[in-house]
Structures are given as structure tokens and as C-alpha cells.
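A quick write-up on the structure given underneath.
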Amino acid sequence: RKRSDPSRQARIAAAAPLFGSMQPAICAGIEYPRLAAGEIDFSLYNKSEPWDHLPGLAIVAEHGFHYARHDGTPYQPGDNEGGLLVAPSTEHWRAIHQALLS
């Protein structure tokens with residue numbers, strides 16, 4: 001299992017005050033319905049296993065959400081490297097990416 005990048009974790013911790021609150025994403029099966037319902041604004045995942053994400057991505061895509069790997073490339077099922085950022089729109093995705101991952 002690949003360990004998360006300490007410099008990425010430090011960037012996320014430093015950017016956290018820009019957001020009202022940040023909580024770790026514990027379970028994609030819980031997070032995606034919360035995203036679709038507007039209970040949370042975005043989700044950032046370090047792992048991108050298809051069984052965790054495909055059902056939820058189908059749901060949020062119907063609501064117009066944008067998702068891509070941490071480096072901005074499109075998510076492809078089976079390509080489990082690079083994490084995943086899910087946001088309500090492309091514009092939100094870019095702003096969150098800039099704040100947390102750039």
C-alpha cells in the first residue's frame with residue numbers, strides 16, 4: 001500500500017484555514033451521497049479503487065460534478081494511482097486543486 005506524500009499532507013494542512021472545516025473522507029460510499037445532497041462541498045481521496053468510486057462518480061456526474069486525479073488528468077477505472085478530487089463544477093475543482101494540491 002502506497003503511503004501518502006508528506007509534502008502533500010503539509011500543503012493540505014496549511015490550506016485548511018481557507019475552508020470552513022475539513023474532515024477526512026472516511027468512506028466513499030458515504031461521501032458520494034453526501035456530496036450529491038449538498039451536505040459537503042468536495043471530497044479529496046488518496047486512493048482511487050474503482051469499486052470505491054465508480055458508483056459514486058456516476059451519481060455525482062448526474063449532478064454536474066467534476067472529478068479528476070490530483071494531477072488534473074481524467075480518472076480512468078483501473079488506474080489506481082494519483083488520488084481523486086471531486087467538486088461541484090470544473091471551476092470549483094480548479095480552485096480547490098489550487099488551494100490544496102498545487
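In this text the structure is predicted, and so the values were computed from the model without any measurement.
- With a 4.5 Å cut-off on side-chain heavy atoms, N80 and P50 count as touching.
- Looking at L57 and L84, their side chains come closer than 4.5 Å, going by heavy atoms from C-beta outward.
- Residue Y45 is grouped with residue F65 when hydrophobic side chains (ILVMFWY) are merged at heavy-atom distances under 4.5 angstrom, including chains of intermediate members.
- Following chains of ILVMFWY side-chain contacts shorter than 4.5 Å, one can reach L54 starting from V60, so the two form part of one hydrophobic cluster.
- Taking the six-membered ring for Trp, F42 and H92 have ring centres at least 6.0 Å apart.
- Relative ring orientation between Y67 and Y75 is described as perpendicular, the plane-to-plane angle rising above 60° on a 0-90° scale split at 30° and 60°.
- Note that OG of S48 is 7.5 Å distant from CD of E81, once rounded to the nearest 0.5 Å.
- Counting heavy atoms from C-beta on, the side chains of V86 and E31 never come closer than 4.5 Å.
- By the 6.0 Å contact criterion, CD on E62 is open, its count of non-hydrogen atoms from other residues, nucleotides or ligands being 12 or less.
- Distance CD/E91 to CD1/I96: 11.0 Å, rounded to 0.5 Å.
- Checked by atom type and distance alone, the side chain of H97 never pairs as donor or acceptor with a backbone atom of D71 at under 3.5 Å.
- When all heavy atoms of G29 and P33 are compared, the pair lying nearest together is O-CD, 3.2 Å.
- Using a 4.5 Å heavy-atom cutoff, the side chains of L101 and L44 are in contact.
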